2 protein chains.
Amino acid sequence: MQQLAKALGKNIRMQRKAAALSQDALALSCKVDRSYMGRIERGEVNITVEKLYRIAAALGCNPGALLPTLVECLYD
Amino acid sequence: MQQLAKALGKNIRMQRKAAALSQDALALSCKVDRSYMGRIERGEVNITVEKLYRIAAALGCNPGALLPTLVECLYD
DNA sequence: ATGTGACTTGTAGTCCGTA
DNA sequence: GTACGGACTACAAGTCACA
């Protein structure tokens with residue numbers, strides 16, 4: 001399921017850039033470590049729903065708006 | 001963030017009942033443990049996005065449709 | 001301002017039960 | 001068919017140093 005994490009990270013990065021924020025700034029308002037924020041965007045980690053909400057809140061968008069629509073690759 | 005997990009679990013349970021599935025059956029098609037499925041619905045755990053997708057797929061609905069809309073209680 | 005390695009700690013998630 | 005527990009294992013969460 002690295003596909004999912006990668007797609008999610010890409011969405012987050014796009015939204016972050018759209019909001020003209022740095023990883024540092026976003027990480028700060030999400031209350032996560034700067035380096036961890038980078039890993040999320042690179043799709044290296046599979047975040048929990050709680051993190052998703054924190055990030056969405058910091059980006060000022062709906063949590064669902066960050067979710068990639070991949071009906072493909074759901075199972076393995 | 002137990003509020004979030006509880007609301008999420010409630011949504012999942014509603015969708016599951018709407019689909020006329022047992023916890024066992026849902027857990028099976030989600031490829032998660034039976035007992036864990038119960039904990040999810042009771043809001044005792046904070047699931048990862050990957051699990052969210054697996055559950056949504058098994059329920060035949062959109063992952064975003066399971067997410068509760070709570071703008072409140074996002075931060076602590 | 002971001003990527004990455006090497007961690008430690010907390011909890012997501014499994015597998016066995018019992019009621 | 002569901003709730004709940006104990007004892008695990010796997011990995012998300014979080015921190016730091018150094019590129």
Side-chain angles (χ1 to χ4, degrees), chain A residues 1-60 63-64 66-68 70 73-76, chain B residues 1-60 63-64 66-68 70 73-76:
Chain A
M1 303 303 292
Q2 290 154 327
Q3 286 281 29
L4 172 57
K6 275 197 176 179
L8 178 57
K10 193 175 288 184
N11 284 356
I12 291 173
R13 177 162 293 184
M14 282 198 314
Q15 289 288 326
R16 175 175 63 80
K17 299 225 170 187
L21 293 170
S22 66
Q23 281 187 358
D24 280 25
L26 179 55
L28 188 67
S29 63
C30 287
K31 295 175 186 168
V32 303
D33 193 75
R34 179 191 66 74
S35 71
Y36 192 60
M37 194 68 231
R39 287 180 219 267
I40 292 173
E41 288 192 354
R42 270 171 270 133
E44 293 177 10
V45 286
N46 174 26
I47 64 173
T48 59
V49 175
E50 189 231 351
K51 281 279 168 303
L52 177 69
Y53 271 71
R54 290 236 295 268
I55 294 169
L59 286 172
L66 297 174
L67 298 179
L70 44 146
C73 85
L74 279 175
Y75 289 91
D76 303 8
Chain B
M1 304 304 292
Q2 290 154 326
Q3 286 282 27
L4 172 57
K6 274 197 174 180
L8 179 56
K10 192 175 288 185
N11 284 355
I12 291 172
R13 175 164 296 184
M14 282 196 317
Q15 289 288 325
R16 175 176 64 79
K17 298 226 170 186
L21 293 171
S22 68
Q23 283 185 357
D24 282 24
L26 180 56
L28 188 67
S29 65
C30 287
K31 296 173 185 168
V32 303
D33 193 73
R34 180 189 62 74
S35 74
Y36 193 58
M37 196 68 231
R39 288 178 202 199
I40 292 173
E41 290 193 353
R42 271 173 268 134
E44 293 176 11
V45 286
N46 174 25
I47 64 174
T48 59
V49 175
E50 188 229 351
K51 284 280 173 301
L52 176 69
Y53 271 71
R54 291 235 294 267
I55 293 168
L59 286 173
L66 296 173
L67 297 178
L70 46 142
C73 86
L74 279 175
Y75 288 92
D76 304 8

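Letters A, B, ... mirror the listed sequences (proteins, then strands); counts begin at 1. In this text the structure is predicted, and so the values were computed from the model without any measurement. Atoms considered below: every heavy atom in the structure, side chains included; atoms not considered: hydrogens, waters and symmetry mates.
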Exercise for the section: Respond yes when some side-chain nitrogen or oxygen of B:Lys31 is under 4.0 Å from OP1 or OP2 of C:dT14, and no when none is. Expected result: no
Exercise for the section: Check every strand shown and say whether A:Glu41 touches a base, only sugar-phosphate, or nothing at a heavy-atom separation below 4.0 Å. Expected result: nothing
Problem - D:dA13 versus C:dT14 - spacing of their P atoms, nearest Å - result: 16 Å
Practice task
Send over the distance from A:Ile40 CD1 to D:dC11 P, rounded to a whole Å.
Solution key: 18 Å
Exercise for the section: Determine the contact category for A:Asn46: base if any of its heavy atoms lies under 4.0 Å from a base atom, sugar-phosphate if only primed atoms, P, OP1 or OP2 are that close, otherwise nothing. Expected result: sugar-phosphate
Handout entry: Donor-acceptor pair present, B:Thr48 side chain and D:dC11 base, under 3.5 Å
Key = no
Problem - Stem list, DNA chain C (Watson-Crick or G-U pairing under 3.5 Å, at least 3 consecutive pairs) - result: C:2-7 with D:14-19, C:9-19 with D:2-12
Exercise for the section: State whether B:Arg34 places a side-chain N or O below 4.0 Å from either non-bridging phosphate oxygen (OP1 or OP2) of D:dT2. Expected result: no
Problem - Phosphate OP1/OP2 of C:dA1 contacted by A:Arg13 side-chain N/O (<4.0 Å) - result: no
Practice task
Indicate whether the side chain of B:Asp24 and that of B:Ser22 have a donor and an acceptor atom separated by less than 3.5 Å.
Solution key: no
Practice task
Check the distance between C:dC16's P and B:Arg39's CZ and give it to me in whole angstrom.
Solution key: 14 Å
Exercise for the section: For A:Val45, answer base if it contacts any base atom (sugar-phosphate contacts may also be present), sugar-phosphate if it contacts only those atoms, and nothing otherwise; contact means non-hydrogen atoms under 4.0 Å. Expected result: nothing
